[in-house]
Amino acid sequence: MFFESFLINLSVIVVLIIALIFDYVTKFFSYWYVRHIPYKPSIPFIGSDYHRIFALSTGTDDVNKLYARYPNHKFVGRVKSRMPDLIVKDPDAIKRILSTDFAYFHSRGLSLFKSQDVCIRNNLFYADGEKWTLLRQGVDSLLNKMEFEFDLHTCLLGTNGDTNVQQLLCKVLDCVFSELLIGDGSAVNEIRLIICKRTYAEKFKSYLKNIFPSLYILFGMTTMPEPSNKVVKELKNSKLINYIKKVGNMHQLGLRDKNNRVSETEFAFTTLSLFITEGYIPCLTLLTALFYELALNETVQEKARNSVSKDGREDYLEMTIKEALRLHPPYSIITRQCMKTYQYPDSNLLIDKRITVNIPVEAIHKDEEHYKRADEFNPDRFLDDDSTSKHCYAYLPFGAGPRKCIGEQLALQIVKTVTRTILDQYILEPCAETPSILPVTDYNFGRCIDKDVRLRFVPRTNMN
Ligand code: HEM
Ligand SMILES: *[C@@H]1O[C@H](CO)[C@@H](O)[C@H](O)[C@H]1NC(C)=O
């Protein structure tokens, strides 16, 4: 004993423990200071993401604000709970991270690979290392084998007047993704309903998955229960399982444990959830935003309706979709994790292993430096060289580099077909309940429109 009194001893020990914890928690608080990177100050135990912990604003809003706060800097730092994380603003630096020096940044850093969640295990979006390479080739071959054409007329039947846009689009996308992956059946609808469920419990899980992945795994949480017998039966006869069989033994990649290989049906189920979380949901967000903007601007809507592709050049509808992706990118932030110490060229910036790097896609798309009158929805900007950025890394709705979106072509094909069909049959107008701004919020690692958007659908046949 150092001191006679038990109480003094006890208090010394308590003070020491508190000091150690404090040191652990604040260890990286000067990380960006010593690197001369401007940064958002941190609070012990919380870091600089208190806005999110207390639900004051979304992660995207925070990144957008920090992006704007330091106009002349290429990088901005933060401390997320305890670990430093970096926002990269400069398109040249982004090019290095996403493409040139991909070897250092090949992971998204979501640390969820041990999860038992069917949505996540064997999911390309979450995979890393060799598994990622193999899955990427596999899903690529699957996509190349897929062929589909769809007839949306039955899903649109009865649409007339003031309409809940998301409800209508879900009906349409259920048809599209069923046609693509299943054939006949309701599996897409069933899985989509589970994934889109936005109860508080689901929001909490999504929050844990995002911020404390290790707790998500530890508690064995899942977003997706094991498939019902009905879904399994449908999958066994689905187009998807045929594609998987044609591609070969890709399902064997997904080792669940040493003896227990993943079956084709289980792999089909994971792939179905991959297509819904990474394909269906961003398409839904994009189409909702696009219809909203088209309803608000008659001139643009009419030009998109009348556009036809001439000699392979980009038509006006394509530019309209491109502009919706700029102003309302379904993925507002792209993340990468530094896998080995990285010296940023021609500077003294050293990025350590395990640091998360954020590419602030939405903030870049809304930066006046890159896009003149960036807040305006104006597809014509893509005709006019002066009002769009010359840097191709300043337009990143699908990301870039070896890990960019694998479904870009499919997504554009779906969005274009759906939009063309709707514009053919309806005039879109705002109605009394149309919101004055689009209610976008964060969801998982992307964005979603979580409040109803209503627009008036006026059938065009009445007019001819
Ligand atoms: C408008 C629709 C879509 C948008 C805006 C979008 C956007 C993105 C973005 C930004 C990423 C991250 C890229 C990066 O980190 O560099 C991504 C990844 C991915 N997307 Fe898409 N996507 C869309 C539709 C689709 C569709 C239809 C599929 C269907 C298969 C799909 C499958 C994927 C997959 C599997 C990944 C992960 C790729 C990897 O990690 O290697 N996406 N998407
Ligand atoms: C519609 O978009 C065009 C640009 O394509 C713009 O000039 C016009 O002001 C917009 N109209 C409205 C009502 O916003």
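Residues: numbered from 1 along the sequence shown. When a ligand or atom number is given, it counts from 1 through the structure's own listing order.
- Under the 6.0 Å distance and 45° angle rule, Arg326 counts as a cation-pi partner of Tyr371.
- If you check which protein heavy atom lies closest to atom 34 (C) of ligand 1, you get Ile406 CG2, 3.8 Å.
- For ligand 1, the atoms lying closer than 4.0 Å to a non-hydrogen atom of Arg136 are 38 (C), 39 (C), 41 (O).
- A donor-acceptor pair under 3.5 Å is formed between the side chain of Tyr426 and the backbone N or O of Thr159.
- Between the side chains of Tyr104 and Gln343, no donor-acceptor pair of N or O atoms lies under 3.5 Å.
- In this structure, Val139 falls outside the shell of residues with a heavy atom less than 4.0 angstrom from ligand 1.
- Heavy-atom proximity to atom 23 (C) of ligand 1, evaluated over Glu278, Arg336, Arg403, Gln409, is greatest for Glu278.
- Within a 6.0 Å sphere centred on CG of Asp184, heavy atoms belonging to other residues, nucleotides or ligands number 12 at most.
- In this structure, atom 37 (C) of ligand 1 lies nearest to the protein heavy atom Phe125 CD1, 3.5 Å.
- In terms of protein heavy-atom proximity, atom 19 (C) of ligand 1 is nearest to Cys405 CA, 3.8 Å.
- With hydrogens and angles ignored, the 3.5 Å screen pairs a side-chain donor or acceptor of Thr163 with a backbone N or O of Gly161.
- Lys230 and Ser186 share a side-chain donor-acceptor pair at under 3.5 Å.
- If you number the atoms of ligand 1 from 1 as listed, the ones under 4.0 Å from a heavy atom of Leu124 come out as 35 (C), 39 (C), 40 (O), 41 (O).
- Set against the non-hydrogen atoms of Asp380, the atoms of ligand 2 under 4.0 Å away are 4 (C), 5 (O).
- The protein reaches atom 2 (O) of ligand 2 closely, with a heavy atom under 4.0 angstrom from it.
- Among all protein heavy atoms, the one lying closest to atom 10 (C) of ligand 1 is Pro397 O, 3.3 Å.
- Residue contacts with ligand 1, taken as heavy atom pairs separated by less than 4.0 Å, involve Leu286 solely via side-chain atoms from C-beta onward.
- When heavy-atom distances to ligand 1 are checked against a 4.0 Å cut-off, Pro329 has no atom that comes that close, whether in backbone or side chain.
- The protein heavy atom nearest to atom 26 (C) of ligand 1 is Gly279 CA, 3.3 Å.
- When only non-hydrogen protein atoms are considered, atom 12 (C) of ligand 1 lies nearest to Arg108 NH2, 3.5 Å.
- In terms of protein heavy-atom proximity, atom 9 (O) of ligand 2 is closest to Asn297 ND2, 4.8 Å.
- By the 6.0 Å and 45° rule, Arg108 stacks over the aromatic ring of Phe125.
- Within the 3.5 Å criterion, the main-chain N or O of Asp85 finds no donor-acceptor partner in the side chain of Tyr31.
- Ionic pairing of Arg305 and Asp424 is not present here: no N-O contact between side-chain nitrogen and carboxylate oxygen is shorter than 4.0 angstrom.
- Taking every heavy atom of Ala400 and a limit of under 4.0 angstrom, the matching atoms of ligand 1 come to 16 (O).
- Of the options Tyr331, Phe275, Trp132, the smallest heavy-atom separation from atom 29 (C) of ligand 1 is shown by Phe275.
- Contacts of Pro330 with ligand 1, taken as heavy-atom pairs under 4.0 Å, involve the side chain alone.
- A side-chain donor from one of Tyr393 and Ser99 sits under 3.5 Å from a side-chain acceptor of the other.
- Checked options Asp61, Thr60, Asp62; the residue passing with Thr58 is Asp61 (criterion: side chain to side chain donor-acceptor pair (under 3.5 Å)).
- The shortest contact between atom 6 (C) of ligand 1 and any protein heavy atom is with Phe398 CD2, 3.6 Å.
- Ligand 2 has no N or O atom lying under 3.5 Å from any N or O atom of Thr299, backbone or side chain.
- In this structure, CG in Leu350 is found 11.0 Å from OH in Tyr342, a value given to the nearest 0.5 Å.
- Counting heavy atoms from C-beta on, the side chains of Leu181 and Phe275 come closer than 4.5 Å.
- Within a 4.0 Å radius of atom 5 (O) of ligand 2, the protein contributes one or more non-hydrogen atoms.
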